[in-house]
Amino acid sequence: MDNGGTGTGAGAVSAMEAFEKLEKVGEGTYGKVYRARDKSTGKIVALKKTKLNEDEEGVPPTTLREISLLRMLSRDPHIVKLIDVKQGQNKEGRTVLYLVFEYMDCDVKKYIRSVRANGENIAPKIIKSLMYQLCKGVAFCHSHGVLHRDLKPHNLLMDTKTMMLKIADLGLARAYTVPMKKYTHEILTLWYRAPEVLLGATHYSTGVDMWSVACIFAELVTNQALFPGDSELQQLLHIFRLLGTPNEKLWPGVGKLVNWHEYPQWTAQPLSSAVPKLEEKGLHLLSEMLQYEPSKRISAKKAMEHPYFDDLDKTYL
Ligand code: AMP
């Protein structure tokens, strides 16, 4: 069966017998994630059981569209590969979808934590490689009109043998069209959330992902979150303390955003004060990603051409 290119096969009851569930490895936007073995090939995969809307008969068209989008995006080597989709019924007779992904043994959050636990830092060359791969994956999403909107170390999967990075959890990504549709602003994890989202902008774009990429960049260098806010206000204040409180000169139109009010006045600090171990070109790239005005923020594609990456061996990336 081919559901408009999603490739959701019928008969998941039997299809699910094709996999041996090994253990639960996580819980994401879609539902539970299991490590599993494909009985026919012996290959280890990640199985994501999706929650479907209880009122729906079968698979809703929005889900089917998201799956075909995921399938298309996962052609990129820096996006986690969707191998297959199995459709079937659970015991209550409801439709269940199993997304079968390639299995990855680590994620950037775990990786940073293990490095920190050893009292070490990630080698500058590794940071550069991970950042390049991240920009490449994000550039691919953006070139296909998809925003991720929830980039964070937790959903950047890694293969620790090859140090390949792959973006996961594109579940909340929606295709955007021009003119931009409205998005709810309740999606990103606070620490990686762009200031325009925090300030209530309803029309946001690729810059929201680049902000998250910047926060991840700094965190790879310091092993600490750049802006660890525990509320929306604290998140903004963290940002303002480092980058200066924005005003109409720094960010034209900021005063018109719905959540804008008067904030304490801070002047911008040099980025090197927050990320002292980053080389000069890296600081420059970081500053281009942390522009207040979203349209001034460097794009993922441009970031890949930044001189910071000049000395990176890109042969296998
Ligand atoms: P997600 O829904 O992508 O946020 O997944 C939730 C958690 O499940 C992640 O933080 C990972 O630890 C794990 N996970 C997701 N996808 C994979 C995968 N392809 N391979 C291994 N673990 C995964």
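Counting convention: from 1, in listed order, for ligands and their atoms alike. All residue numbers refer to positions in the sequence shown, counting from 1. Computed from a predicted model, the values in this text were never measured in an experiment.
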Requested in this report: Could you pull out, from Leu157, Val80, Ile167, Val100, the option with a heavy atom nearest to atom 17 (C) of ligand 1?
Outcome: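 Selected option, by shortest heavy-atom distance: Leu157.
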
Report task. Report the member of Pro153, Ala168, Ala46 with the shortest heavy-atom distance to atom 18 (C) of ligand 1. Result ->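 Comparing heavy atoms across Pro153, Ala168, Ala46, the nearest one to atom 18 (C) of ligand 1 lies in Ala46.
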
Report task. In plain terms, say whether Lys302 and Glu288 are close enough for a salt bridge, that is, a side-chain N and a carboxylate O under 4.0 Å apart. Result -> no

Report task. Indicate yes or no: does Arg37 engage Glu20 in a salt bridge with an N to O separation below 4.0 Å. Result ->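 Looking at Arg37 and Glu20, the cut-off is met.
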
So if I count the atoms of ligand 1 from 1 in the order they appear, which ones are less than 4.0 Å from some heavy atom of [X]?
X      : value
Phe101 : 19 (N)
His154 : 10 (O)
Gly26  : 7 (C), 8 (O)
Glu102 : 18 (C), 19 (N), 20 (N)
Tyr103 : 20 (N), 21 (C)

Query raised in the report: Side chain, backbone, both or neither: which part of Asp107 has a heavy atom under 4.0 Å from ligand 1?
Result: side chain

Query raised in the report: According to the side chain to side chain donor-acceptor pair (under 3.5 Å) rule, which pairs have a member within residues 240-258, sequence neighbours left out?
Result: none

Requested in this report: Report yes or no: does Lys48 have a heavy atom closer than 4.0 Å to ligand 1?
Outcome: yes

With a cut-off of 3.5 Å and sequence neighbours excluded, list every side-chain donor-acceptor pair involving residues 109-125.
unit_1	atom_1	unit_2	atom_2	d
Ser114	OG	Tyr111	O	2.9
Arg116	NH1	Asn223	O	2.8
Asn118	ND2	Ser114	O	3.3

Requested in this report: Nearest 0.5 Å please: distance from the CG atom of Leu157 over to the NZ atom of Lys81.
Outcome: 14.5 Å

Query raised in the report: Within 45° of the ring axis of Phe309 and under 6.0 Å from its six-membered ring centre, is that where the NZ or CZ of Lys314 lies?
Result: no

